[in-house]
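Okay, so here's the structure we're looking at.
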Protein chains: 2
Amino acid sequence: MSSVLSDDGPGPEDSGAARRRRRSTTAIRESLRELSIQLSLLNHQVGARLGIKDADLDCLDLISRHGPLSPSSLARLAGVHPATLTGVLDRLERGGWVTRERDPADRRAVQVRTLRERAAEVIQLYAGMNSAMEQICAGYDEAELDVLADFLRRTAQAGHGATEELAAR
Amino acid sequence: MSSVLSDDGPGPEDSGAARRRRRSTTAIRESLRELSIQLSLLNHQVGARLGIKDADLDCLDLISRHGPLSPSSLARLAGVHPATLTGVLDRLERGGWVTRERDPADRRAVQVRTLRERAAEVIQLYAGMNSAMEQICAGYDEAELDVLADFLRRTAQAGHGATEELAAR
DNA sequence: TCCGATAGTACGGAACTCATATGTTATCTT
DNA sequence: AAGATAACATATGAGTTCCGTACTATCGGA
């Protein structure tokens, strides 16, 4: 099934194993695309319940994972305009999700960090997805789980690389 | 590493194989979260190059995958307000990405479909990611590829289910 | 034919994004 | 050491977007 957002690779000038292999690779690309959208929509729903916009939730996630960091580096990381990020942080701070504190070492800089108080609400909302994943993972042996985790990690890394390449030029 | 957006599962009252297994499962959850963000950021960059907002690009993707469909069903699918979707379609139509045509059978209804003209631009922007995926997939044998594709498909399905569960209540 | 339901969109107020300007604070230059 | 320059975060304002509501057109049933 050819579609607007992806091509189907080269033509069928070869056959047999290579052909089946390409089918599998294409299937992965397709599934990955579907997965991407579904996770976006899940985040959208979660954000809606919490009164947090999609982009804001992305930022909150980045803050929670990449530790305390400055607004400017967060802006770079999230690919948004610094002035936009001020508004994002205003909303997150007002909602009690993060704090801003001046860096004592460099008083121009600000350190943004997450608060733990409201973490439970978020976990609660992702509970459905988490238990579904638990169930899916239960069907694999440990070697398979490691292969899967490694694949996901490398794919995320590939996404990061592709994003930076686009941002650079 | 405990963080705001996910817990780390039950305590360590068991050990050995079960423990390692839980570590693997957690690694998958973490990688999946990272992947979700990275793909969002990639889409954000791609959208920025095309002058398409994130949500609009999501809608375009949904239209391209789920064939011609009506604005209302698309609104349900994307989880946005119907009036908002009017604006989304206005922008996508103005940009030459989709067309709106009245359904002859039910003249209230509208069918939205993608145009193929500008597809190449999108493919071009995802070329970096696609070739990276190609490279990653090259490292797996066909059985592994099938396992991966199946896992991704089921995970996407889980995301869909979790989203619907949240939207329902 | 009349009436309620449905599909899509127009409208208007509130909120958001981003380019630019501003006020601090750090760093460089000489 | 002092002034110039750069970096950081945020204020400001114009343009855009979101969404609750209202409106028009059309369909299906009594």
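Each chain gets a letter, A, B and so on, in the order the sequences are listed, and its residues count up from 1.
Between A:Arg91 and the phosphate of C:dC16, there is a side-chain N or O to OP1/OP2 separation shorter than 4.0 Å. Contact between the side-chain N/O atoms of B:Arg102 and the OP1/OP2 oxygens of C:dA7 is not found at any separation under 4.0 Å. At the phosphate of C:dT25, OP1 or OP2 sits under 4.0 Å from a side-chain N or O atom of A:Arg107. Put simply, A:Arg100 has a side-chain N or O that comes within less than 4.0 Å of OP1 or OP2 on D:dT10. Between A:Thr84 and C:dC18 there is a side-chain polar atom (N or O) within less than 4.0 angstrom of OP1 or OP2.
Between A:Ile52 atom CD1 and D:dC18 atom C1' the separation is 18 Å, expressed in whole Å. Protein atom CG of B:Leu92 is 15 Å distant from nucleotide atom C1' of D:dT16, rounded to whole Å. Distance, B:Arg94 CZ to D:dT17 P: 7 Å, rounded to whole Å. Atom CG of B:Leu85 and atom P of D:dC18 are 10 Å apart (whole Å). In this structure, A:Asp90 places its CG atom 14 Å from P of C:dA15, rounding to the nearest Å. What separates CG of A:Leu89 from P of C:dT17 is a distance of 12 Å, to the nearest Å. The distance from atom CZ of B:Arg108 to atom P of C:dA7 is 6 Å, rounded to the nearest whole Å. Atom CD of B:Glu101 is separated from atom P of C:dG8 by 13 Å (rounded to the nearest Å).
A:Arg153 contributes no side-chain N or O that, together with a main-chain N or O of B:Ser31, makes up a donor-acceptor pair within less than 3.5 Å.
In terms of position along DNA chain C, the nucleotide closest to A:Gly87 lies nearer the 5' end than the nucleotide closest to the other residue of the pair A:Gly87 and A:Ala105. Along DNA chain C, the nucleotide nearest B:Ser70 and the nucleotide nearest A:Asp106 are compared for position; the residue whose nucleotide lies closer to the 5' end is B:Ser70. Closest-nucleotide positions on DNA chain D for A:Pro82 and A:Lys53 were compared, and the one nearer the 5' end corresponds to A:Pro82.
Nucleic acid contact for A:Ser72: sugar-phosphate only, since backbone atoms but no base atoms lie under 4.0 Å from a heavy atom of the residue. At the heavy-atom level, A:Ala109 lies under 4.0 Å from the strands shown only through sugar-phosphate atoms.
Of the listed nucleotides (C:dC18, C:dT25, D:dT26), C:dC18 has the atom at the smallest distance from the side chain of A:His81. For B:Pro71, the side-chain atoms get nearest to C:dG8 when compared with the rest of D:dG20, D:dA11, C:dG8.
Other residues, nucleotides and ligands place no more than 12 heavy atoms under 6.0 Å from the CZ atom of B:Arg23.
With salt bridges taken as basic N to acidic carboxylate O contacts below 4.0 Å, none links A:Arg21 and B:Asp146.
Not counting sequence neighbours, the partners of A:Glu34 by the side chain to side chain contact (heavy atoms under 4.5 Å, CB included) test are A:Gln38, B:Arg65, B:Ala156.
The CG atom of B:Leu85 sits 4.5 Å away from the CG atom of B:Leu74 when rounded to the nearest 0.5 Å.
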